[in-house]
Amino acid sequence: MSIDLVYFSFWIIIDPISVLYSLVFKSQEKPLNSFRVTLVLSSSRPRLDQVLLEKLREQDENIELKNISRTEFKELFKKKKIRIKKQIALPSSSLAQGTTEVDILGFGTAT
């Protein structure tokens, strides 16, 4: 009985740590046919759409996204093509300080 209890207690302590590690330190797998933008912020920002559009205009890897109009950019949100950690992102989502990986579906290269 005591061995089972020790094992169970050990699992309770270790499992949340491994889950936290995977959430914090492991990069999420990039969806197929998507373009990934990594946002590194020194302070929190109130809206995702403003930060993301600024970052897209700065990058040179995807010319179509670099030159996207505001109307086309808004459509990406309406069509649910912008994701953070595989979840649908809203334009009004706030961003915390640190690193956030944003995937834009339909703009990647097929591999």
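Excluded from the calculations below are hydrogen atoms, water molecules and symmetry mates; all remaining heavy atoms, backbone and side chain alike, are included. None of the values given here were measured: they were computed from a predicted structure.
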With a 4.0 Å cut-off on N to O distance, would you call [X] and [Y] a salt bridge?
{"X": "R83", "Y": "D103", "answer": "no"}
{"X": "R57", "Y": "E54", "answer": "no"}
{"X": "D60", "Y": "K66", "answer": "yes"}

Within the structure provided, determine whether [X] and [Y] are in side-chain contact (heavy-atom separation under 4.5 Å).
{"X": "T38", "Y": "R36", "result": "yes"}
{"X": "L76", "Y": "F107", "result": "yes"}
{"X": "I104", "Y": "L65", "result": "yes"}
{"X": "L48", "Y": "V102", "result": "yes"}
{"X": "L56", "Y": "F35", "result": "yes"}
{"X": "D49", "Y": "L90", "result": "no"}

I need the [X] [atom1] to [Y] [atom2] distance, nearest 0.5 Å.
{"X": "T100", "Y": "R45", "atom1": "OG1", "atom2": "CZ", "value": "11.5 Å"}
{"X": "I63", "Y": "E61", "atom1": "CD1", "atom2": "CD", "value": "9.5 Å"}
{"X": "K81", "Y": "E75", "atom1": "NZ", "atom2": "CD", "value": "11.0 Å"}
{"X": "T71", "Y": "K78", "atom1": "OG1", "atom2": "NZ", "value": "8.5 Å"}

(request) Spell out, as yes or no, whether a donor-acceptor pair under 3.5 Å connects the side chain of E72 to the backbone of S69. (result)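 Yes, the answer is positive, given that a donor and an acceptor are paired below the 3.5 Å cut-off.
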
(request) Would you check if the side chain of Q59 reaches a backbone N or O of N62 as a donor-acceptor pair within less than 3.5 Å? (result)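 Looks like yes, one N/O pair under 3.5 Å.
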
(request) Search all heavy atoms of S34 against all heavy atoms of L105 and return the closest pair with its distance. (result)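 Nearest heavy atoms, S34 then L105: CB-CD2, 3.9 Å.
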
(request) Heavy atoms only: give me the nearest R47-S92 pair and the separation to one decimal. (result)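 That closest heavy-atom pairing would be NH1-CB, 3.5 Å.
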
(message) Starting from I88, can I reach V51 by hopping between I/L/V/M/F/W/Y residues whose side chains sit under 4.5 Å apart?
(response)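 Shared cluster, no.
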
(message) Atom CD of residue position E64 - does it have more than 12 heavy atoms of other residues, nucleotides or ligands inside 6.0 Å?
(response)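 It does not: E64 CD has 12 such atoms or fewer within range.
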
